[in-house]
Amino acid sequence: MVKLCVRIGWGFLWFVYCGFVLVSLLVPAFLFGGMMMRWIVEEPVQVMEKLTFDYTKDTPTAFVAISSSLESSVLVHNEKSVIGSSVESRVISVHHEVQATVSLTLPESDYNIKLGIFQVRVDFLSSDGNVLVNTRQPCMLRFKSQPIRLVLTFLKLASLLTRYSSETQTLDMKFKGIY
């Protein structure tokens, strides 16, 4: 019986020793891996801009410049779009995947409901204004029947009059896999 207890004690001691060695190797491996990933992996670029469209035109257009400094890039829109030229570093490296999300906040007006489907196009322009890649995606307002719209308007009447809320819908379109 004593021999069995001694063997169990040695087994437990070796179990604790192996666990201590494994943990002492695991912690530096995580620290070294974290430091290496900080140097190798680039931080994602996130640009949030509020766009204002001119809805009096047949095709409303808005531009967002993605550059290393806000002062170095100027956008002008006439019949042709021109990007102000300057010497600057690239924000998005070559051959990296870009994901763009366009959020449209549209009023629930009769005109927008009758218009139906909206077409959103995203163009990526080079520094000299040439189109590198473009992609399109359709979207439409969520349908609400006329009786439901009237009931919702009646229920939200106080908040609508105080401008606490508005009758708008936000459409989110995600463009993935753009290079």
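Note that the structure is predicted; figures quoted are calculated from it, not measured. Start at 1 with the first residue, then count along the sequence.
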Check: Does the side chain to side chain contact (heavy atoms under 4.5 Å, CB included) test come out yes or no for Arg142 and Leu171, once each step is laid out?
Finding: CA-CA 9 Å; Arg142 287 177 291 284; Leu171 306 174; 4.1 Å; yes
From [atom1] ([X]) to [atom2] ([Y]), nearest 0.5 Å:
X: Phe143; Y: Ile148; atom1: CZ; atom2: CD1; value: 8.0 Å
X: Leu104; Y: Cys139; atom1: CG; atom2: SG; value: 5.5 Å
X: Phe118; Y: Met173; atom1: CZ; atom2: CE; value: 10.0 Å
X: Leu161; Y: Lys156; atom1: CG; atom2: NZ; value: 12.5 Å
X: Leu141; Y: Thr170; atom1: CG; atom2: OG1; value: 10.0 Å
X: Gln169; Y: Leu106; atom1: CD; atom2: CG; value: 8.0 Å

Notebook entry, point to check: Should the pair Arg149-Glu167 be classified as a salt bridge under the 4.0 Å nitrogen-to-oxygen rule?
Noted result: no
Next item on the list: Run the salt-bridge test on Asp172 and Lys174 with the 4.0 Å N-O cut-off and return the result as yes or no.
Entry: no
Note to self: Is it true that, when you exclude Met36 itself, more than 12 heavy atoms of the residues, nucleotides or ligands shown sit nearer than 6.0 Å to its CE?
What the structure shows: no
Note to self: Quick one: does any side-chain atom of Asn112 pair with a main-chain N or O of Pro107 as donor and acceptor, under 3.5 Å?
What the structure shows: yes
Same cluster or not: are [X] and [Y] linked, directly or through other Ile, Leu, Val, Met, Phe, Trp or Tyr residues, by side-chain heavy atoms under 4.5 angstrom apart?
X: Ile113; Y: Leu160; answer: no
X: Val6; Y: Trp14; answer: yes
X: Val16; Y: Leu25; answer: no
X: Trp39; Y: Phe32; answer: yes

Note to self: Please identify which of these residues, Trp10, Phe15, Tyr17, meets the side chain to side chain contact (heavy atoms under 4.5 Å, CB included) condition with Leu13.
What the structure shows: Trp10
Next item on the list: Please step through side chain to side chain contact (heavy atoms under 4.5 Å, CB included) for the pair Phe175 and Val102, ending with a clear verdict.
Entry: CA-CA 8 Å; Phe175 297 93; Val102 177; 3.8 Å; yes
